[in-house]
J.: 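Before I ask anything, here is the structure I am working with.
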Amino acid sequence: MTPQPQPVLHATTERGEKIMLRPAEPGDVEAIFTACTDPETLAWTTLPLDYDRARAVGFVEGYAPGWWERGDGACWVIADAADAYAGQLDLRIDPRDRQVADVGFLTAPHARGRGYMTTALRAACEFGFEHLGLERIEWRAHVGNDGSRKVAGRVGFQLEGVQRAGVAQRGQRRDAWVAALLKGDPR
């Protein structure tokens, strides 16, 4: 049985801009490389400091499609109305409890502050609850990553606390905020 292709999601920001969550494509490589080497992105993610174009190609060809192909979640590119890369979002199902997933996301520098990520996260969570049978979606971010926390809060994620030394980043442990969105929560 051939798995169904990863769904493409369409949404509209509060400012009326259309976005799309779609699978990564070869034409996204340069924009992915730019986003993943941005100092602000590197400060708040676990991406390696030596991220290069080969890693961006690997993301497009293996990492991103692998989540859907294995049935372990979805990795989308967030594209603007012109279908240009504006960020990426992973929805990863917990293999120990398939009703739970976590999200990870990053916004391209040129797309920050436009509401794309809030809209994309909302659409991905709705998809997870409605089509993947999720009951709980978790979000974590390094303490201090206020941009990510604002996005999660706008979507309805409820802060559950600080996980001390909860995230490894380049050989060091960092404290992480932890929040969750439940299927029945208001959004």
J.: May I ask you to decide if T119's main-chain N or O and T13's side chain share a donor-acceptor pair within less than 3.5 Å?
T.: no
J.: Starting at CD1 of I137, measure out to CG of L121 and round the result to the nearest 0.5 Å.
T.: 8.0 Å
J.: On a heavy-atom basis, which atom in A24 and which in A64 lie closest, and how many Å separate them?
T.: CB-CB, 4.1 Å
J.: Going by salt bridge (Lys or Arg N to Asp or Glu O under 4.0 Å), name the pairs with one or both residues in residues 18-27, residues two or more places apart or in two chains.
T.: R22-E25, R22-D28, R22-D83
J.: Linking directly or through intermediates, with side-chain heavy atoms under 4.5 Å: list the remaining ILVMFWY members grouped with L182, chain and number order.
T.: none
J.: D72 and salt bridge (Lys or Arg N to Asp or Glu O under 4.0 Å): which partner among R96, R92, R98?
T.: R98
J.: Same hydrophobic cluster for V103 and L106, using side-chain heavy-atom links shorter than 4.5 Å among ILVMFWY?
T.: no
J.: Is there a path from L181 to M117 through hydrophobic residues (I, L, V, M, F, W, Y) whose side chains come within less than 4.5 Å of each other?
T.: yes
J.: Can you list every pair that meets ring pair (Phe, Tyr, Trp, His ring centres under 6.0 Å) and has a residue in residues 17-36, with sequence neighbours left out?
T.: none
J.: Using side-chain heavy atoms (C-beta onward) and a distance below 4.5 Å, is D80 in contact with Y116?
T.: yes
J.: Nearest heavy-atom pair of A123 and A11: which atoms, and what distance?
T.: CB-CB, 4.3 Å
J.: With rounding to the nearest 0.5 angstrom, report the CZ to CG distance, F105 to L91.
T.: 12.0 Å
J.: Indicate yes or no: at least one non-hydrogen side-chain atom of F59 is less than 4.5 angstrom from one of C36.
T.: no
J.: Distance-only check: which donor-acceptor pairs under 3.5 Å involve side-chain atoms of residues 160-171, not counting sequence neighbours?
T.:
unit_1: E160; atom_1: OE1; unit_2: R136; atom_2: NH2; d: 2.8
unit_1: E160; atom_1: OE2; unit_2: R136; atom_2: NH1; d: 3.1
unit_1: E160; atom_1: OE2; unit_2: R136; atom_2: NH2; d: 3.3
unit_1: Q163; atom_1: OE1; unit_2: R140; atom_2: NE; d: 3.2
unit_1: Q169; atom_1: OE1; unit_2: R174; atom_2: NH1; d: 2.5
unit_1: Q169; atom_1: NE2; unit_2: L42; atom_2: O; d: 3.4
unit_1: Q169; atom_1: NE2; unit_2: A43; atom_2: O; d: 3.3
unit_1: Q169; atom_1: NE2; unit_2: T45; atom_2: O; d: 2.6
unit_1: R170; atom_1: NE; unit_2: L47; atom_2: O; d: 2.9
unit_1: R170; atom_1: NH1; unit_2: L42; atom_2: O; d: 3.3
unit_1: R170; atom_1: NH2; unit_2: L42; atom_2: O; d: 2.7
unit_1: R170; atom_1: NH2; unit_2: T45; atom_2: O; d: 3.2
unit_1: R170; atom_1: NH2; unit_2: L47; atom_2: O; d: 2.8

J.: Can you name the residues that form a salt bridge (Lys or Arg N to Asp or Glu O under 4.0 Å) with R173, not counting sequence neighbours?
T.: none
J.: Does E69 use its side chain to pair, donor to acceptor, with the backbone of G62 at less than 3.5 Å?
T.: no
J.: Would you tabulate the side-chain donor-acceptor contacts of residues 142-156 under 3.5 Å, counting partners in other chains and residues two or more places apart, or write 'none'?
T.:
unit_1: H142; atom_1: NE2; unit_2: W44; atom_2: O; d: 3.4
unit_1: N145; atom_1: OD1; unit_2: S148; atom_2: N; d: 3.2
unit_1: S148; atom_1: OG; unit_2: W139; atom_2: NE1; d: 2.9

J.: With sequence neighbours left out, what residues match W177 under ring pair (Phe, Tyr, Trp, His ring centres under 6.0 Å)?
T.: none
J.: Would you list the pairs meeting salt bridge (Lys or Arg N to Asp or Glu O under 4.0 Å) in which at least one residue belongs to residues 29-55, sequence neighbours left out?
T.: E30-R53, D38-R112, D50-R55
J.: Please write out which residues are connected to V178 in a hydrophobic cluster, directly or through intermediates, given that two of Ile, Leu, Val, Met, Phe, Trp, Tyr count as joined at side-chain heavy-atom separations below 4.5 angstrom.
T.: none
J.: Check whether any side-chain heavy atom of I32 sits under 4.5 Å from a side-chain heavy atom of Y51, and report yes or no.
T.: yes
J.: Can you tell me how far apart CG (L132) and CD (Q99) are? Round to the nearest 0.5 Å.
T.: 11.5 Å
J.: Which atom names give the shortest non-hydrogen contact between I93 and G73, and what distance separates them?
T.: CD1-N, 3.9 Å
J.: Any idea which heavy atoms bring A120 and L21 closest together, and the distance?
T.: O-CD2, 3.7 Å
J.: Does the side chain of P23 come within less than 4.5 Å of V60's, by heavy atoms?
T.: no
J.: Which pairs, with at least one residue in residues 120-134 and sequence neighbours excluded, count as a salt bridge (Lys or Arg N to Asp or Glu O under 4.0 Å)?
T.: E126-R187
J.: Under the salt bridge (Lys or Arg N to Asp or Glu O under 4.0 Å) test, which residues partner D97, sequence neighbours left out?
T.: none
J.: Which word best sums up how the rings of W67 and Y63 line up, parallel for under 30°, tilted for 30 to 60°, or perpendicular for over 60°?
T.: perpendicular
J.: Not counting sequence neighbours, which residues clear ring pair (Phe, Tyr, Trp, His ring centres under 6.0 Å) with H131? List them please.
T.: F127
J.: Indicate yes or no for a side-chain donor-acceptor contact from W68 to the backbone of W76 under 3.5 Å, with no hydrogens or angles considered.
T.: no
J.: What distance separates T12 OG1 from E17 CD, expressed to the nearest 0.5 Å?
T.: 10.0 Å
